[in-house]
Amino acid sequence: MVITAELDLERVPSHIACVMDGNGRWAQSRGLPRTEGHRAGEEALFDVVEGALDIGVEWLTVYAFSTENWRRPAAEVRFLLEFNEDILLRRRDELHERGVRIRFVGRRDRRVPKRLLGLMDDATELTRHNRRMTFTIAFNYGGRAEIVDAVRAVVDAGISADRITESTIARRLYDPEMPEPDLMIRTSGEFRTSNFLLWELAYSELYFTDTAWPDFRRGDLYEAIRAYQERERRFGRVSANGAFKASTTNGDG
Ligand code: IPE
Ligand code: IPE
Ligand code: MG
């Protein structure tokens, strides 16, 4: 397992996005109901948050509930809604004390309970001035829905077709301030994005691990970052003796 000493702390990705996957299988392999896997995922999440804070990650974004997850059995959906409320209530103060700014991305549609929306707003408001790290929770989030919503906003603004550029869209994503992820991690052996950050992941480095989310800890995060630091990010260019190696911007501008 990688310890921080093996990481180049000058080249820590500034934005890491995680698809926290494999909770259900983790539980089922232990003869437990799937919901116990979600419960066990909380410890993983907060260990990763602490690990990210310790090495100066500025943005951490996690996929908590997708626009497709409504297709799950009603009891599991209900559990996830209540569990997310519960986590927000129990954990927001400690996140606030750590200097974490909490934000949410996703659709605020009628399926999301008002109480949960209220808790999201409270956590956002409580932590809005924090600057140590921005912790974004993707809830009722879909990458396609996000792009559709951005396009609707462009149309609503009356912008003509010939004036639309990439930044016209980017400025209307759920959080226009969120930088593109440098690194996307998915646990539990699935090699897909499942509609996570479709626009934003265009040039992110992707890292996949067989470890199920409930077993994932900061050491696994550091292992992913170590792998990231071996990558050469070219952004379409030709290799320049590794000059773009795991740099955190695309060098434009
Ligand atoms: C990820 O774990 C958590 C959510 C999607 C909410 P899963 O529940 O997808 O677990 P698996 O992939 O079925 O094992
Ligand atoms: C993606 O995982 C969504 C979250 C982790 C919240 P899923 O488990 O829903 O994705 P699929 O269905 O395996 O693609
Ligand atoms: Mg899954």
Side-chain angles (χ1 to χ4, degrees), residues 15-49 52 59-91 102-109 111-113 116-117 119-120 123 135-149 173-175 178 181 183-201 204 206-217 220-221 224:
H15 183 187
I16 299 176
C18 291
V19 179
M20 308 184 287
D21 195 22
N23 295 351
R25 280 165 284 166
W26 180 92
Q28 283 169 323
S29 73
R30 285 160 177 76
L32 300 168
R34 292 177 50 85
T35 48
E36 286 307 307
H38 300 314
R39 229 187 269 286
E42 180 178 346
E43 191 177 336
L45 177 57
F46 286 86
D47 202 57
V48 164
V49 168
W59 293 76
L60 177 68
T61 301
V62 299
Y63 207 2
F65 193 89
S66 76
T67 47
E68 287 72 39
N69 286 146
W70 299 105
R71 297 173 179 160
R72 294 187 176 202
E76 182 170 344
V77 169
R78 197 172 329 113
F79 177 90
L80 287 168
L81 295 172
E82 284 169 10
F83 189 54
N84 275 280
E85 283 183 17
D86 184 45
I87 289 186
L88 272 179
L89 266 174
R90 284 187 291 105
R91 298 284 199 161
I102 304 172
R103 286 187 174 178
F104 295 87
V105 290
R107 256 196 190 153
R108 296 173 66 100
D109 64 32
R111 294 177 295 184
V112 184
L116 178 54
L117 291 174
L119 286 168
M120 291 175 173
F135 176 48
T136 305
I137 300 169
F139 195 90
N140 192 24
Y141 175 87
R144 288 181 176 178
E146 181 177 36
I147 294 168
V148 167
D149 290 349
L173 297 174
Y174 292 134
D175 183 356
M178 178 202 278
L183 171 64
M184 190 279 276
I185 298 170
R186 182 166 187 155
T187 57
S188 211
E190 307 295 351
F191 303 101
R192 53 180 175 263
T193 59
S194 299
N195 205 12
F196 192 38
L197 303 177
L198 292 187
W199 179 281
E200 298 87 337
L201 289 177
S204 306
L206 309 182
Y207 177 86
F208 300 95
T209 172
D210 285 336
T211 303
W213 180 257
D215 290 330
F216 197 86
R217 291 292 180 276
D220 302 285
L221 174 73

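Whatever order the structure lists them in is the order used to number ligands and atoms, beginning at 1. For the numbers below, each heavy atom of this structure counts, side chains included, while hydrogens, waters and symmetry mates do not.
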Step by step, would you call R39 with F79 a side chain to side chain contact (heavy atoms under 4.5 Å, CB included)? CA-CA 10 Å; R39 229 187 269 286; F79 177 90; 3.4 Å; yes
If you have a sec, work out which protein heavy atom is nearest [atom] and how many Å separate them, to one decimal?
{"atom": "atom 2 (O) of ligand 2", "answer": "R186 NH2, 3.6 Å"}
{"atom": "atom 13 (O) of ligand 2", "answer": "R192 NH2, 2.8 Å"}
{"atom": "atom 9 (O) of ligand 2", "answer": "N69 ND2, 2.9 Å"}

Which ligand 2 atoms, with their elements, are less than 4.0 angstrom from a heavy-atom of F65?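 Matching atoms, with element in brackets: 6 (C).
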May I ask you to list the atoms of ligand 2 that are less than 4.0 angstrom from any heavy atom of D21?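 Once the distances to D21 are compared, the set is 2 (O), 8 (O).
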Indicate yes or no: does an N/O atom of [X] lie under 3.5 Å from an N/O atom of ligand 2?
{"X": "E190", "value": "no"}
{"X": "S194", "value": "yes"}
{"X": "Y63", "value": "no"}

Please work out, at 4.0 Å between heavy atoms, whether the side chain, the backbone, both, or neither of Q28 comes within that distance of ligand 1.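 No part of Q28 comes within reach of ligand 1.
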Using a 4.0 Å heavy-atom cut-off, say whether A212 meets ligand 1 through its side chain, its backbone, both or neither. neither
Just do the side chain to side chain contact (heavy atoms under 4.5 Å, CB included) check on L197 and M184 with the steps written out, would you? CA-CA 10 Å; L197 303 177; M184 190 279 276; over 6 Å; no
Are any non-hydrogen protein atoms located under 4.0 Å from atom 7 (P) of ligand 2? yes
If you count the atoms of ligand 1 from 1 in the order shown, which ones are under 4.0 Å from a heavy atom of R25? 11 (P), 12 (O), 14 (O)
At a 4.0 Å threshold, what atoms of ligand 1 neighbour a non-hydrogen atom of N23? 1 (C), 2 (O), 3 (C), 7 (P), 10 (O), 14 (O)
I'd like to know if A64 contacts ligand 1, where contact means a heavy-atom distance under 4.0 Å to any ligand atom.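 Under 4.0 Å: yes for A64.
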Can S188 be said to touch ligand 1, with heavy atoms closer than 4.0 Å? no
For [X] and [Y], work out which heavy atoms get closest and say how close.
{"X": "G22", "Y": "S188", "answer": "CA-OG, 3.1 Å"}
{"X": "V77", "Y": "R72", "answer": "CG2-O, 3.6 Å"}
{"X": "S194", "Y": "Y63", "answer": "O-OH, 3.0 Å"}

Could you tell me if the ring centre of F191 sits under 6.0 Å from that of F208?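 That pair passes the under 6.0 Å test.
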For H38, is the nearest heavy atom under 4.0 Å from an atom of ligand 2? no
Test applied, ring pair (Phe, Tyr, Trp, His ring centres under 6.0 Å); reference residue, F65; option that passes from F83, Y141, W70: W70
Should the heavy atoms of other residues, nucleotides or ligands under 6.0 Å from [atom1] of [X] be counted, would the total exceed 12?
{"X": "E68", "atom1": "CD", "answer": "yes"}
{"X": "R144", "atom1": "CZ", "answer": "no"}
{"X": "R90", "atom1": "CZ", "answer": "yes"}

In terms of relative ring orientation, are F46 and F135 parallel, tilted or perpendicular, with 30° and 60° separating the classes?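 Geometry flag for F135 against F46: perpendicular rings.
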Out of R72, R34, M20, who is nearest to atom 5 (C) of ligand 1 when you count heavy atoms only?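 Of the listed residues, R72 has the closest heavy atom.
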Return yes or no for this condition: an N or O of G24 is under 3.5 Å from an N or O of ligand 1. yes
Residues V62, W213; criterion side chain to side chain contact (heavy atoms under 4.5 Å, CB included); working and verdict: CA-CA 12 Å; V62 299; W213 180 257; 5.5 Å; no
Are any non-hydrogen side-chain atoms of E146 and L198 less than 4.5 angstrom apart?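 The answer is no, as the side chains (C-beta and beyond) never meet within the 4.5 Å cut-off.
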Report the C-alpha distance between R30 and E36 in whole Å, list the side-chain angles of each, state the deciding distance to 0.1 Å, and finish with yes or no for salt bridge (charged side-chain N to carboxylate O under 4.0 Å, His left out). CA-CA 10 Å; R30 285 160 177 76; E36 286 307 307; over 6 Å; no
When you check the space around the Mg ion (ligand 3), which protein N, O or S atoms turn up under 2.8 Å?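 Those protein N, O or S atoms (cut-off: under 2.8 Å from the Mg ion (ligand 3)) are D21 OD1.
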Quick check for you: to the nearest 0.5 Å, what is the distance between T61 atom OG1 and H15 atom NE2? 2.5 Å
Contact region, F196 to ligand 2, non-hydrogen atoms below 4.0 Å, reads neither
